Number of protein chains: 2
Amino acid sequence: MNSLRPKANIVPTQKRGHVQDEIADRLRKGLMVGAFIPGQVMSLRKLAASFGTSPMPVRDALGQLVAANALEEMPNRSVRVPRLTTDRVKDLFEVRELVESLAARNAARNATPALIRELQAINRDLKISIARRDVLAALAANQKFHFTLYQAADSSVVMPLIESLWLQSGPTMYCSFLAPDMPWDASAHTEVLEGLKKKNPTAVQRAVARDIRTAGRHLVQAGTFQLPGGMMMLPTEISLDL
Amino acid sequence: MNSLRPKANIVPTQKRGHVQDEIADRLRKGLMVGAFIPGQVMSLRKLAASFGTSPMPVRDALGQLVAANALEEMPNRSVRVPRLTTDRVKDLFEVRELVESLAARNAARNATPALIRELQAINRDLKISIARRDVLAALAANQKFHFTLYQAADSSVVMPLIESLWLQSGPTMYCSFLAPDMPWDASAHTEVLEGLKKKNPTAVQRAVARDIRTAGRHLVQAGTFQLPGGMMMLPTEISLDL
DNA sequence: GCGTCGCTTCTGTGATCACATCTCGTGATA
DNA sequence: TATCACGAGATGTGATCACAGAAGCGACGC
């Protein structure tokens with residue numbers, strides 16, 4: 001009877017109540033994978049149009065990401081992908097080293113043979129991607145390696161923290177690792193696996209700490225994050241085919 | 001011309017665009033101060049009615065707090081104050097010890113005489129509140145002591161993490177420290193101040209770690225958080241006079 | 001030619017509505 | 001009396017609308 005009936009989602013209402021979460025997931029993935037340029041503003045309505053929804057779930061998703069420090073809020077109340085300063089990168093990796101070391105140590109205590117096998121498989125993929133110079137796949141494999149390891153720590157307190165820290169460093173890491181001469185040392189991962197096999201949590205902890213420390217050092221040295229935004233061949237417009 | 005004109009906020013539109021933030025702040029404060037019982041569900045419309053606004057800004061505020069792990073989302077999509085298990089408390093304080101130790105260490109490097117004086121003043125208030133058995137004031141002073149110290153670390157990465165961790169432990173801490181026999185050792189704070197005066201970051205770090213460790217131990221021992229919800233004289237309904 | 005005013009557009013925010021889902025209470029029936 | 005079913009209410013979610021502010025941009029005046 002009422003003319004206000006909405007146009008009924010183009011998609012046949014896939015899952016009720018999970019729209020904002022799916023949007024948030026796609027945005028998260030996009031941030032990790034470098035689909036968004038540091039400094040890029042995330043327009044509410046444009047994102048909504050891209051997703052084919054109303055601005056409402058997008059607003060919620062952006063709010064989540066802002067609360068997780070994955071996006072930053074400008075005085076205009078617009079949100080954008082944060083551009084990191086050198087100091088902030090140092091801070092970020094200092095904390096990452098600390099927190100992820102803890103997670104790695106605790107994960108090592110709970111390590112099962114199945115976990116070790118899974119990590120070995122992921123590391124194989126990682127090495128292949130590195131050999132192919134496939135930055136995207138390498139970053140994805142690297143993330144998967146770390147997160148499956150940390151997951152074994154079985155801490156619902158630490159995991160969200162680590163996710164937040166990765167989301168913050170994600171876009172910048174992607175940009176920096178686009179430099180073809182960026183060395184990538186996968187030896188730390190090998191040390192992790194050896195430590196797990198020997199059931200030596202301290203060794204695993206040290207290996208993860210070393211991995212993060214060297215990554216952070218390379219990132220600071222490269223310093224690509226302090227270049228003026230908009231460089232590189234990345235699309236200025238939002239690409240949502242994630 | 002349109003009849004849809006809303007009823008115009010009772011409050012003469014204090015500040016545009018800061019409604020959701022004020023709501024989030026009041027909820028945060030309420031969580032820290034124990035205005036909400038662990039397990040209590042935060043109803044969107046009821047909160048909105050209490051605040052005298054539409055459910056919209058409340059939805060945003062709750063989303064922020066859920067993203068910060070200060071509130072948890074039930075399968076119903078309702079959000080509630082999380083009730084902590086023993087394991088989670090241990091996790092929480094393990095991470096708190098780690099992260100806040102780092103912040104304390106870095107803060108000690110930047111410590112100024114003014115900061116030391118400020119911390120001394122706060123600690124005086126804390127001791128007075130303890131002597132008076134004023135749990136609320138003591139918790140507030142304790143929080144102020146820690147946060148002003150960490151603020152000196154000048155890290156926009158670490159501070160949000162610490163805030164999130166405090167928000168998670170806030171309600172439970174309040175409930176536990178209601179027990180009149182809960183011992184409160186302020187000696188760690190004295191050690192912190194001495195370390196700051198001697199410009200010894202390691203000493204400050206150790207003191208903060210000890211402070212958190214003992215607090216966590218007492219919390220686990222007391223174990224009040226695992227009592228069935230709804231105990232104590234706390235109001236079941238939401239009290240918003242914060 | 002350059003600066004400035006004003007308009008158009010776009011931004012996020014808050015309110016209201018419609019709806020699917022779930023809960024809870026009341027009723028009837030066995 | 002016990003149990004099941006139906007219904008009324010409440011829940012969060014998403015869409016749409018109204019509005020205030022900022023920003024871009026073009027035209028006009030100096």
Side-chain angles (χ1 to χ4, degrees), chain A residues 1-27 39-67 71-81 236-238, chain B residues 1-27 39-67 71-81 236-238:
Chain A
M1 65 185 76
N2 196 316
S3 65
L4 269 184
R5 181 69 193 86
K7 58 180 175 181
N9 302 354
I10 298 94
V11 185
T13 310
Q14 33 191 12
K15 279 177 188 174
R16 177 82 190 176
H18 290 290
V19 180
Q20 75 172 254
D21 291 319
E22 181 175 335
I23 293 180
D25 280 344
R26 288 171 72 175
L27 290 178
Q40 173 179 0
V41 302
M42 311 289 272
S43 165
L44 214 57
R45 287 176 173 85
K46 295 202 181 137
L47 281 174
S50 302
F51 283 117
T53 68
S54 85
M56 195 59 50
V58 179
R59 183 205 296 202
D60 294 334
L62 289 182
Q64 288 181 31
L65 293 173
V66 169
L71 297 174
E72 69 178 0
E73 205 171 22
M74 300 163 60
N76 327 0
R77 291 274 158 179
S78 297
V79 306
R80 69 176 174 191
V81 184
T236 307
E237 275 310 310
I238 304 153
Chain B
M1 65 185 74
N2 197 316
S3 66
L4 269 184
R5 181 70 193 88
K7 57 179 175 181
N9 301 354
I10 297 94
V11 186
T13 310
Q14 32 189 9
K15 280 177 187 172
R16 177 82 191 175
H18 289 290
V19 180
Q20 75 172 254
D21 291 319
E22 181 176 335
I23 292 180
D25 280 343
R26 288 171 71 175
L27 289 178
Q40 173 180 1
V41 302
M42 311 290 271
S43 165
L44 215 55
R45 287 178 172 84
K46 296 211 181 126
L47 281 174
S50 302
F51 284 116
T53 67
S54 85
M56 194 59 49
V58 179
R59 184 205 294 203
D60 294 334
L62 289 183
Q64 289 181 33
L65 293 173
V66 169
L71 296 174
E72 70 178 1
E73 205 171 22
M74 299 162 61
N76 329 359
R77 292 273 160 181
S78 296
V79 306
R80 68 175 174 192
V81 183
T236 307
E237 277 309 312
I238 304 153

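Lettering follows sequence order; numbering is per chain, from 1. What you see is a predicted model, and the numbers here were worked out from it, not measured in a lab.
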Peer 1: Is Arg59(B) side chain donor-acceptor paired with the dG14(D) base, going by distance under 3.5 Å alone?
Peer 2: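 By the distance-only test, yes, there is a pair.
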
Peer 1: Give the rounded distance in Å between these two atoms: CG of Leu44(B) and P of dT13(D).
Peer 2: 7 Å

Peer 1: Which nucleotide, dT11(C), dT16(C), dG14(D), lies nearest any side-chain atom of Lys46(A)?
Peer 2: dT11(C)

Peer 1: Tell me, please, which residues at least two apart from Pro57(A) pass side-chain contact (heavy atoms from CB on, under 4.5 Å).
Peer 2: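 For Pro57(A) the side-chain contact (heavy atoms from CB on, under 4.5 Å) partners, ignoring immediate neighbours, are Val19(A), Gln20(A), Ile23(A), Thr53(A), Ser54(A).
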
Peer 1: Between Asn76(B) and Arg45(B), who's closer to the 5' end of DNA chain C by nearest nucleotide?
Peer 2: Arg45(B)

Peer 1: Check Arg59(B), Glu72(B), Met42(B) against Val79(B) for a side chain to side chain contact (heavy atoms under 4.5 Å, CB included) and give me the one that passes.
Peer 2: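 For Val79(B), the side chain to side chain contact (heavy atoms under 4.5 Å, CB included) check succeeds only for Met42(B).
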
Peer 1: Where the side chain of Glu73(A) is concerned, which of dT13(C), dT11(C), dG12(D) is the nearest nucleotide?
Peer 2: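 Given the options dT13(C), dT11(C), dG12(D), the side chain of Glu73(A) is closest to dT13(C).
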
Peer 1: Evaluate side chain to side chain contact (heavy atoms under 4.5 Å, CB included) for Leu44(B) paired with Arg77(B), printing each intermediate quantity in order.
Peer 2: CA-CA 11 Å; Leu44(B) 215 55; Arg77(B) 292 273 160 181; over 6 Å; no

Peer 1: Taking C-beta and beyond as the side chain, do Leu27(B) and Leu71(B) meet within less than 4.5 Å on heavy atoms?
Peer 2: no

Peer 1: List the steps and the verdict of side chain to side chain contact (heavy atoms under 4.5 Å, CB included) for Val41(B) and Asn76(B).
Peer 2: CA-CA 11 Å; Val41(B) 302; Asn76(B) 329 359; over 6 Å; no

Peer 1: Round to the nearest Å and state the distance from Met56(B) atom CE to dA18(C) atom P.
Peer 2: 15 Å

Peer 1: Can you figure out which of dT13(C), dT11(D), dT16(D) approaches the side chain of Ser43(B) most closely?
Peer 2: dT11(D)

Peer 1: Once you round it to whole Å, what is the distance between P of dT13(C) and NE2 of His18(B)?
Peer 2: 10 Å

Peer 1: In whole Å, I'd like the distance from the CG atom of Asp60(B) to the P atom of dG14(D).
Peer 2: 13 Å

Peer 1: Could you check which of dG14(D), dT11(D), dG14(C) has an atom nearest any side-chain atom of Val19(B)?
Peer 2: dG14(C)

Peer 1: Check the distance between dG12(C)'s P and Arg80(A)'s CZ and give it to me in whole angstrom.
Peer 2: 14 Å

Peer 1: Atom CE of Met74(B) to atom P of dC22(C): distance rounded to whole Å?
Peer 2: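 From Met74(B) CE to dC22(C) P: 13 Å.
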
Peer 1: Measure CG/Leu62(B) against P/dG14(C) and give the value in whole Å, please.
Peer 2: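 These atoms are roughly 14 Å apart.
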
Peer 1: Nearest whole Å is fine: how far is dA23(D) C1' from Arg77(A) CZ?
Peer 2: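 Going from Arg77(A) (CZ) to dA23(D) (C1'), I get 18 Å.
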
